[in-house]
Amino acid sequence: MTKTYCVNGKPLDIVKREAKALKKEHGIKLGEAQAEVAKSYGMQSWQELTEANVEVDEEFVEHFTVVRRKGVDEVRFCAASLAEMLEDGAFDDGEVPDLYYRYELYHNLEPGTVSHNFDIMGRDEATDRGTPAPFARKGQNGAEDFITAIEAAWEGQPGLLIGLLNDEGLFDLSIEVEPMEAEFEALLTLELRKHGYALGDRILFNTMDGPEIDAVTDWTRRAFAHDIGDGLVVISNGAGSTEDLRSVITPKTRLDALTAEMEDELGSAAYTTQKGELWIHDRLLGQIPANDHAREMSASL
């Protein structure tokens with residue numbers, strides 16, 4: 001079960017009731033009352049106020065995560081590390097410690113969607129996790145404000161913390177930049193979306209497991225096949241950055257023909273080692289420049 005909050009920390013249902021009460025109190029139209037309520041919260045319009053919201057589920061006190069919607073995707077903001085920092089005494093000296101954030105991109109179970117994840121954390125965790133970015137606070141909240149907001153969230157009242165994080169600019173972090181870590185299927189989903197396709201089920205291509213997977217050293221030369229409908233598949237490597245990710249869309253019949261040719265040449269080693277993936281990769285992806293994605297295969301391939 002989820003509950004929706006405006007980014008100022010007020011539950012959306014309460015904000016709506018405020019507008020109705022103001023309408024009744026002053027005998028004005030609902031639209032006028034809504035505009036007044038939005039103005040009182042520093043928003044330009046009622047639409048801006050009600051659309052700038054986050055969702056919180058019933059397990060918030062365990063993971064301190066709020067979710068915003070961006071089209072079919074979700075943007076998740078996790079402040080669990082703030083709670084851990086409070087427990088560890090990071091705010092005891094009356095100062096707000098330096099904060100950092102990490103942006104990661106994940107593939108969702110729902111076809112064609114991704115999850116953008118922002119974790120806010122202290123210096124020690126940022127150092128341990130690598131590639132952190134300093135979080136430039138925009139607000140004037142002090143250590144006591146953070147403590148009060150976190151303690152209220154522990155009690156199941158996340159509104160204060162949501163408002164504080166909004167003041168500090170957490171919800172303004174951009175998803176238009178390169179993530180610090182990304183699942184290749186998430187990057188591929190975003191690329192396919194540009195061409196009107198959604199990433200479907202992965203087609204089993206090899207039986208490598210355990211030691212065989214551990215022995216793979218060049219993930220940019222792996223080969224994965226996914227169904228995208230209309231008799232088409234997308235072949236891609238396993239790169240976790242837009243710079244290294246390569247992909248190509250081709251008819252599944254073409255993949256089947258190449259697979260049969262690969263089996264004749266390599267035998268069972270095509271599936272139990274990386275040889276099969278390298279064979280497919282070099283024929284379908286090896287000629288594609290870095291950071292490029294071919295729409296269709298040439299008939300000559």
Going through the checks in order, is the side-chain contact (heavy atoms from CB on, under 4.5 Å) test met by Thr273 and Lys275? CA-CA 5 Å; Thr273 70; Lys275 290 181 179 180; 3.3 Å; yes

Near Glu178 CD, under 6.0 Å, is it more than 12 heavy atoms from other residues, nucleotides or ligands? yes

Under a single-linkage definition using a 4.5 Å side-chain heavy-atom cutoff for Ile, Leu, Val, Met, Phe, Trp and Tyr, are Ile203 and Leu284 assigned to the same hydrophobic cluster? yes

Output yes when a side-chain donor or acceptor of Asn237 lies under 3.5 Å from a complementary backbone atom of Arg246, and no otherwise. yes

Tell me, with the steps shown, if Leu161 and Val66 meet side-chain contact (heavy atoms from CB on, under 4.5 Å). CA-CA 10 Å; Leu161 184 59; Val66 301; over 6 Å; no

Would you say Asp93's side chain and Glu95's backbone share a donor-acceptor pair under 3.5 angstrom? yes

Looking at CZ of Arg123 and CE of Met85, how far apart are the two atoms once the value is rounded to the nearest 0.5 Å? 10.0 Å

Hydrophobic clusters here meaning ILVMFWY residues chained together by side-chain heavy-atom distances under 4.5 Å, can you tell me if Val72 and Val67 are in one? no

Please determine whether a side-chain nitrogen of the Lys or Arg among Arg68 and Glu74 lies less than 4.0 Å from a carboxylate oxygen of the Asp or Glu. no

Can you measure from OH (Tyr100) to CE (Met121) and round to the nearest 0.5 angstrom? 11.5 Å

How long is the span from the OG1 atom in Thr189 to the CD1 atom in Ile228, to the nearest 0.5 Å? 11.0 Å

Quick check on the hydrophobic clustering: are Ile175 and Tyr106 connected, directly or via other members, by side-chain heavy-atom contacts under 4.5 Å? no

Rounded to the nearest 0.5 angstrom, the CG-OG distance for Leu285 and Ser236 is 7.5 Å

Between Arg283 and Met262, does the side-chain contact (heavy atoms from CB on, under 4.5 Å) criterion hold? Intermediate values first, please. CA-CA 11 Å; Arg283 283 158 180 75; Met262 175 195 69; over 6 Å; no

Heavy-atom neighbours of Glu48 CD exceed 12 at 6.0 Å: yes

For Arg193, is the CZ atom crowded, meaning more than 12 foreign heavy atoms sit under 6.0 Å from it? yes

Could you check if a side-chain atom of Ile249 sits within less than 4.5 angstrom of a side-chain atom of Leu192, using non-hydrogen atoms only? yes

Indicate the atoms forming the closest heavy-atom contact of Leu187 with Gly240, along with that distance. CD1-C, 3.5 Å

Residue pairs passing the ring-ring contact (aromatic ring centres under 6.0 Å, His included) test with at least one member in residues 72-93, sequence neighbours excluded, are Phe77-Phe118, Phe77-Phe171, Phe91-Phe146

Considering non-hydrogen atoms only, spot the tightest contact between Gly142 and Val96 and give its length. C-CG2, 3.6 Å

Looking at Glu110, is its backbone amide N or carbonyl O close enough to the side chain of Asn108 to form a donor-acceptor pair, meaning the two atoms are under 3.5 Å apart? no

Non-hydrogen side-chain atoms of Glu185 and Arg202 separated by less than 4.5 Å: yes

Can you check whether Leu173 reaches Tyr101 side chain to side chain, under 4.5 Å on heavy atoms? yes

With the 4.5 Å side-chain cut-off for hydrophobic clustering, are Leu255 and Leu278 part of the same group? no

Salt bridge flag under 4.0 Å for residues Glu125 and Arg102: no

Quick one: does Asp88's side chain have a donor or acceptor within less than 3.5 Å of a partner on Ala90's backbone? no

Test your reading of the model: is there a side-chain donor-acceptor pair from Asn117 to the backbone of Ser115, 3.5 Å cut-off? yes

Can you tell me if CG on Asp92 sees more than 12 non-hydrogen neighbours from other groups inside 6.0 Å? yes

Mind running side-chain contact (heavy atoms from CB on, under 4.5 Å) on Leu258 and Glu261 for me, showing each step along the way? CA-CA 5 Å; Leu258 282 172; Glu261 186 179 339; 4.1 Å; yes

Parallel under 30°, tilted from 30 to 60°, perpendicular over 60°: which one fits the rings of Phe60 and His63? perpendicular

Which pair of heavy atoms, one from Ala19 and one from Gln34, lies closest together, and at what distance? CB-CG, 3.8 Å

If you compare all heavy atoms of Ile235 against all heavy atoms of Ala225, which two are closest, and at what distance to 0.1 Å? CD1-CB, 3.7 Å

Here the gap from Lys3 atom NZ to Asn53 atom CG, rounded to the nearest 0.5 Å, amounts to 13.5 Å

Heavy-atom distance under 4.5 Å between the side chains of Leu232 and Tyr197, does that happen here? yes

Measure the CG-CD distance between Leu82 and Glu87 for me, rounded to the nearest 0.5 Å. 12.0 Å

Just say parallel, tilted or perpendicular for the rings of Phe184 and His226, cut-offs at 30° and 60°. perpendicular

May I ask you to test the Thr242-Leu190 pair for a side-chain heavy-atom distance under 4.5 Å? no

Heavy-atom side-chain contact between Asn8 and Met43 under 4.5 Å: no

Could you tell me whether the side chain of Glu32 and the main chain of Lys29 form a donor-acceptor pair under 3.5 Å? yes

For residues 36-57, which residue pairs qualify under ring-ring contact (aromatic ring centres under 6.0 Å, His included), counting only residues two or more places apart or in two chains? none

Check whether any side-chain heavy atom of Leu30 sits under 4.5 Å from a side-chain heavy atom of Lys20, and report yes or no. yes

Where Val234 and Ser247 come nearest, the two heavy atoms and their spacing: CG2-CB, 4.0 Å

In short, Ala149 meets Leu164 closest at the heavy-atom pair CB-CD1, 4.1 Å

Could you tell me if Glu263 and Tyr271 have a donor-acceptor pair between their side chains, going purely by distance under 3.5 Å? yes

Tell me whether Arg129 is salt-bridged to Glu181, with the criterion being a basic N under 4.0 Å from an acidic carboxylate O. no

A side-chain contact here means heavy atoms from C-beta on lying under 4.5 Å apart; do Ile162 and Val56 qualify? yes

Would you say Ile150 and Ile147 are hydrophobically clustered, going by side-chain heavy atoms of ILVMFWY under 4.5 Å? yes

